[in-house]
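Numbered from 1 within each chain, the chains take letters A, B, ... in sequence-line order.
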Amino acid sequence: MPEGHTVHRLARTFATLFDGQVLRVSSPQGRFADGAAVLDGRRLVASEAWGKQLFLGFAGADRSAAGPSAAGPDTLWLRTHLGLYGAWTFAGAPDAPEVAHAIGAPRRRIGERDSIPSVPGPQVARVTSASDTWEVPAPRGQVRVRLLGDHAVADLTGPTACEVVTPEEKRAVEARLGPDPIRDDGDPAAFVAAVGRSRVTIGQQLMDQAVVAGVGNIYRAEVLFRAGVDPLRPGRDVPAATVREIWDDLVVLMRDGADHGAIVTTRPEHRTPVSPDGAPAPGRTRQNTDGTPGSVPSDQAFYVYHRDGLPCRVCGTPVLVKELAGRNLFWCPTCQP
DNA sequence: GGACCATGACGAA
DNA sequence: TCGTCCTGGTCCG
């Protein structure tokens with residue numbers, strides 16, 4: 001899953017590829033047929049993220065009419081949530097802006113490194129884009145919703161949520177969410193206050209979207225390691241100053257994740273081995289960063305996540321894992337007393 | 001072809 | 001705390 005950084009990256013991608021365009025909206029799988037019919041032919045006027053929620057705003061009454069590219073009271077919003085294994089896959093015409101081709105669950109799938117191959121067949125449409133015509137690839141897998149713009153197409157598979165909501169309903173969803181460290185309006189005080197008023201463990205509170213929006217299992221484990229805090233300590237027993245430091249670290253880590261498309265929490269001095277000339281060790285890098293200069297190999301990106309049994313990068317103590325509330329929790333008992 | 005797994009969240013009990 | 005939903009890749013027979 002896609003944690004919050006992925007969703008913010010998606011919001012930017014939609015803005016880049018589709019903002020201001022009239023979109024064809026369909027549901028190849030059929031399970032979103034009604035919603036797709038409502039949105040089809042409308043103009044995309046907004047693309048926002050709050051935590052793990054993605055909101056795409058479509059122009060209201062005048063539908064496709066050109067107008068100010070801004071959301072209003074009659075905007076209809078497509079609300080999607082990727083859940084554990086949802087993903088958006090993109091393909092574009094030669095003249096489309098270059099974007100990552102698949103964003104979402106960390107699966108290896110066709111289209112992640114190369115463009116999606118065009119599949120001949122009745123579902124392939126020929127679209128005239130600004131400078132060329134291109135073959136829109138057929139939907140691959142269980143595509144809940146497909147957005148087709150002037151020079152790109154986006155397919156959504158496996159979402160845990162996909163629905164059309166009104167501005168009022170959108171506000172209701174946002175009202176249930178805590179502050180988002182990636183958003184400029186993220187309020188640290190609200191986070192510190194929420195953690196401090198509960199005896200629920202800090203590890204569980206970080207996964208509660210009403211406490212802080214966008215944090216998932218990786219950021220939860222990694223930020224607690226970097227703060228040196230035991231995940232099982234009750235929130236109210238963690239000093240407010242430390243909780244504030246955790247927020248500030250989340251801001252840095254998650255914005256970096258949104259900018260680069262991958263979660264990297266290790267500091268350079270804790271990544272090993274490094275070749276004598278100082279170049280990063282070879283190996284697979286994380287999703288969407290293959291070939292990016294300076295990208296960190298996937299086995300060096302984390303301190304504790306999925307490293308149970310391996311020696312802590314800082315003190316050498318074996319990293320522990322324990323199932324808590326149905327999710328795996330990873331931590332170093334020495335560095336996080 | 002089937003079991004299992006994954007960065008999530010909901011509701012019932 | 002448990003069951004349930006969403007999908008596809010991997011590994012095993």
Side-chain angles (χ1 to χ4, degrees), chain A residues 1-10 27-32 35 49-54 79-89 100-113 116 139-146 155-163 172-174 176-178 180-182 200-201 203-225 231 250 253-254 256-258 260-265 284-289 298-299 301-308 321-331:
Chain A
M1 114 306 97
E3 303 195 18
H5 70 297
T6 297
V7 185
H8 280 269
R9 192 173 174 81
L10 279 167
S27 179
Q29 175 200 52
R31 295 185 53 177
F32 186 63
W50 187 319
K52 299 168 188 171
Q53 309 269 345
L54 175 69
R79 179 183 81 91
T80 62
H81 189 302
L82 294 174
L84 258 185
Y85 35 74
W88 282 97
T89 302
H101 293 287
I103 300 181
R107 286 190 291 274
R108 171 60 55 195
R109 48 188 302 166
I110 292 176
E112 192 165 356
R113 284 183 297 186
I116 296 176
R140 188 168 176 280
Q142 297 292 307
V143 176
R144 186 77 58 88
V145 59
R146 156 166 283 202
D155 286 344
L156 173 64
T157 55
T160 197
C162 177
E163 62 171 352
V173 170
E174 293 170 343
R176 293 197 301 270
L177 298 172
D180 179 344
I182 299 180
V200 173
T201 66
Q204 282 181 273
Q205 291 204 64
L206 282 171
M207 293 283 279
D208 183 345
Q209 301 301 299
V211 171
V212 55
V215 174
N217 209 16
I218 298 179
Y219 283 123
R220 176 259 290 266
E222 296 296 304
V223 79
L224 286 172
F225 177 89
L250 285 172
L253 293 177
M254 295 177 73
D256 179 79
H260 297 102
I263 302 176
V264 174
T265 61
R284 278 205 52 72
T285 53
R286 293 189 60 73
Q287 61 181 116
N288 303 327
T289 62
S298 58
D299 63 356
F302 308 139
Y303 281 108
V304 291
Y305 179 76
H306 266 3
R307 296 196 73 244
D308 46 304
V321 62
K322 156 180 183 162
E323 191 165 314
L324 182 65
R327 307 299 298 278
N328 285 323
L329 172 66
F330 304 88
W331 82 105

- Between P of C:dT7 and CZ of A:Phe32, the distance in whole Å: 14 Å
- Message: Please pick, from C:dG8, B:dA6, C:dC5, the nucleotide with the shortest atom-to-atom distance to any side-chain atom of A:Thr157.
- Response: C:dG8
- Task: Using only side-chain N and O atoms of A:Gln53, determine if any of them is under 4.0 Å from OP1 or OP2 of B:dA9.
- Result: no
- Quickly work out the A:Glu3 CD to B:dA9 P distance and round it to whole Å. 9 Å
- Task: Pick the P atom in C:dG8 and in B:dC10, then give their distance to the nearest Å.
- Result: 23 Å
- Spacing of A:Arg140 atom CZ relative to C:dG8 atom P, expressed in whole Å: 8 Å
- Item | Nearest-angstrom distance from the residue atom CD of A:Glu163 to P of C:dC5 | 18 Å
- Item | Distance (rounded to the nearest 0.5 Å) between A:Met207 CE and A:Thr201 OG1 | 10.5 Å
- Query: Contact class for A:Glu222 vs. all strands (heavy atom < 4.0 Å): base, sugar-phosphate, or nothing?
  - Reply: nothing
- Over how many whole Å does the gap from A:Leu84 atom CG to B:dA6 atom P extend? 9 Å
- Please state how far atom CG in A:Leu324 lies from atom C1' in C:dC2, giving the value in whole angstrom units. 15 Å
- Item | Separation between NE2 of A:His5 and CG of A:Leu250, rounded to the nearest 0.5 Å | 12.5 Å
- Message: If I take atom CD in residue A:Gln142 and atom P in nucleotide C:dT7, what distance separates them, rounded to the nearest angstrom?
- Response: 6 Å
- Item | Selection from C:dG8, B:dA6, B:dA9 that lies nearest to any side-chain heavy atom of A:His306 | B:dA6
- Message: I'd like the P distance from C:dG9 over to B:dA9, given in whole Å.
- Response: 23 Å
- Task: Could you tell me how the ring of A:Tyr303 sits relative to the ring of A:Phe225: parallel (under 30°), tilted (30 to 60°) or perpendicular (over 60°)?
- Result: parallel
- note: A:Lys52, atom NZ; B:dA6, atom P; distance rounded to Å ~ 16 Å
- Have a look at A:Arg220 and say if it touches a base, only the backbone sugar-phosphate, or nothing, with a 4.0 Å heavy-atom cut-off. nothing
- Query: Which atom pair, heavy atoms only, marks the closest approach of A:Val7 to A:Gln53?
  - Reply: CG1-O, 3.5 Å
- Heavy-atom check, side chain of A:Met254 versus side chain of A:Val215, under 4.5 Å: yes
- Give one of base, sugar-phosphate or nothing for A:Arg176, where a contact means two heavy atoms less than 4.0 Å apart. nothing
